[in-house]
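Have a look at the structure below, then the notes.
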Amino acid sequence: MAKQFQAIRGMNDILPAEAAQWQRLETTVREVLAAYDYQEIRLPLVEKTELFARSIGEVTDIVEKEMYTFADRNGDSLTLRPEGTAGCVRACLEHGLLHNQTRRLWYAGPMFRYEKPQKGRYRQFHQVGAEAYGMAGPDIDAELICLSARLWRRLGLPEVSLQLNTLGSSAARAAYREQLVGYFTARLSELDEDSRRRLQTNPLRILDSKNPTMQAVIAEAPALLDHLDPESLAHFEELKALLDSAGIAYQVNPRLVRGLDYYSQTVFEWVTDTLGAQGAICAGGRYDGLITELGGSATGGIGFAMGLERLVAMLAAAGQPGADLTPHAYLITVGAAAQRLGLALAEQWRDQWPALRLRLNCGGGSFKSQFRRADHSSARFALILGEAEAETGTVAIKPLREAQAEQITLSQDQAAAWLRSAVLEQTP
């Protein structure tokens with residue numbers, strides 16, 4: 001027998017039992033973003049490879065080792081998007097969305113990186129990203145952080161903390177880079193293989209190493225905060241003052257850097273101890289030079305991305321309920337006349353109350369087998385239309401989750417009103 005097809009390693013199915021948690025998360029995210037007037041933009045999964053090479057950086061791990069890149073039939077090099085910011089900037093420039101105006105945008109969907117699959121890290125993973133353009137001051141930095149903090153509160157996730165840093169201007173970072181290269185070169189024997197490779201290409205990433213044997217040499221490295229230009233320092237100090245005024249707790253982490261070349265000034269991460277090694281659930285920062293790099297005029301930009309798989313795992317671990325997707329009622333129909341009437345009534349009730357979750361029995365079956373299906377559906381009530389009910393214009397209603405409750409029979413009009421009062425108006 002041929003082996004059954006299976007999902008590609010690191011690309012996972014989200015089954016119906018898990019979907020409720022995803023739906024609750026996605027609904028909450030949309031509501032919070034709408035409260036801050038962020039507008040949705042939908043972006044393609046595939047972009048030209050050059051877009052990511054120029055924006056992320058050709059010597060980053062993502063571009064060098066992790067992208068899913070292929071040639072199409074015209075010989076063009078295309079890549080499944082590994083992150084969303086580059087595509088969002090490309091779309092804004094292509095459609096003139098940034099011309100003499102500010103923008104607050106968000107997007108959601110799958111991203112792709114060829115990484116070693118582990119809990120909380122997959123080769124196809126899902127992100128929500130928020131991006132703001134045309135605002136250079138720290139006020140928009142603070143607003144984005146406040147937005148994300150509100151989301152954690154809405155989701156009931158208290159065990160998250162904010163780490164904050166600044167990468168300064170490109171000029172200040174270039175001068176700091178020289179000092180950092182000199183320091184690590186002098187201690188080359190203490191560096192692991194990855195750090196030696198990054199030394200001449202992206203030395204700031206050495207500061208983000210998770211290798212325990214590297215922590216002592218990293219701790220003694222020069223700190224970027226000691227080499228900031230006055231403008232960058234003022235921006236960072238005002239950001240901290242804004243967060244203090246909003247009651248947002250944070251920890252300044254001078255070793256916090258980002259894995260993408262386009263970041264400058266503010267960088268931040270929301271982290272948790274509840275997910276093991278994969279502790280970052282949301283990360284972002286400013287990228288004021290990216291829009292110019294991709295062909296636009298000088299425009300401020302800042303954004304963040306959050307990993308949905310990790311948030312879903314946190315919600316599940318915290319015992320937070322998912323969206324209620326169970327049907328309110330299950331409509332049993334016995335006989336041809338009842339089946340025709342049941343379909344018509346079900347459509348009529350759904351027209352009247354779009355929030356009604358009503359499952360109509362399909363596929364035939366005896367009354368006993370249909371009743372068993374109704375019970376297995378987790379519906380609160382079974383609505384019964386048999387030949388007698390079809391002839392008399394009535395509906396029998398049987399509570400399924402209340403052991404002592406008795407079955408009642410109502411006219412079809414009464415049943416419609418009863419559905420609204422007993423089911424919909426009592427649903428949170």
Donor-acceptor under 3.5 Å ([X] side chain, [Y] main chain):
X: R173; Y: G168; answer: yes
X: Q124; Y: P110; answer: no
X: E309; Y: H126; answer: yes
X: Q215; Y: N211; answer: yes
X: S55; Y: L51; answer: yes
X: N165; Y: L167; answer: no
X: D288; Y: G301; answer: yes
X: R123; Y: P117; answer: no

Discussion item. Checking Y330 now: which residues fulfil ring-ring contact (aromatic ring centres under 6.0 Å, His included) with it, not counting sequence neighbours?
Written reply: none
Worksheet item: Are there more than 12 heavy atoms of other residues, nucleotides or ligands under 6.0 Å from atom CZ of R401?
Response: yes
Discussion item. Counting neighbours of OH on Y114 that are heavy atoms of other residues, nucleotides or ligands and sit closer than 6.0 Å, is the number greater than 12?
Written reply: no
Check the side chains of [Y] and [X] for a donor-acceptor pair under 3.5 angstrom, ignoring hydrogens and angles.
X: Q265; Y: H235; answer: no
X: T79; Y: T49; answer: yes
X: R103; Y: Q101; answer: yes

Worksheet item: Given L207 and L180, is the side-chain contact (heavy atoms from CB on, under 4.5 Å) satisfied, shown in steps?
Response: CA-CA 10 Å; L207 302 176; L180 202 61; 4.2 Å; yes
Worksheet item: Could you go step by step and tell me if M67 and L80 meet the side-chain contact (heavy atoms from CB on, under 4.5 Å) rule?
Response: CA-CA 7 Å; M67 294 201 313; L80 292 174; over 6 Å; no
Item to complete: Any chance you could lay out the side-chain contact (heavy atoms from CB on, under 4.5 Å) test for T166 and V252, step after step, and finish with the verdict?
Response: CA-CA 9 Å; T166 178; V252 175; over 6 Å; no
Worksheet entry | Contact list for residues 5-14, test salt bridge (Lys or Arg N to Asp or Glu O under 4.0 Å), sequence neighbours left out | none
Response to the item:
So the salt bridge (Lys or Arg N to Asp or Glu O under 4.0 Å) pairs with at least one residue in residues 23-36 (sequence neighbours excluded) are E31-R154
So do [Y] and [X] actually touch side chain to side chain, heavy atoms under 4.5 Å?
X: V217; Y: Y183; result: yes
X: Y36; Y: E143; result: yes
X: R90; Y: E47; result: yes
X: Q21; Y: L25; result: no
X: W270; Y: I145; result: yes
X: K398; Y: I384; result: yes
X: T266; Y: L239; result: yes
X: V334; Y: L385; result: no

Worksheet entry | Evaluation steps, side chain to side chain donor-acceptor pair (under 3.5 Å), between S77 and E50 | CA-CA 8 Å; S77 181; E50 182 186 4; over 6 Å; no
Worksheet item: Centres of the W418 and F381 rings: under 6.0 Å?
Response: yes
Worksheet item: With under 30° as parallel and over 60° as perpendicular, where do the rings of Y287 and Y133 fit, or are they tilted in between?
Response: perpendicular
Worksheet item: Do R197 and D194 sit within salt-bridge range, that is, some charged N less than 4.0 Å from a carboxylate O?
Response: yes
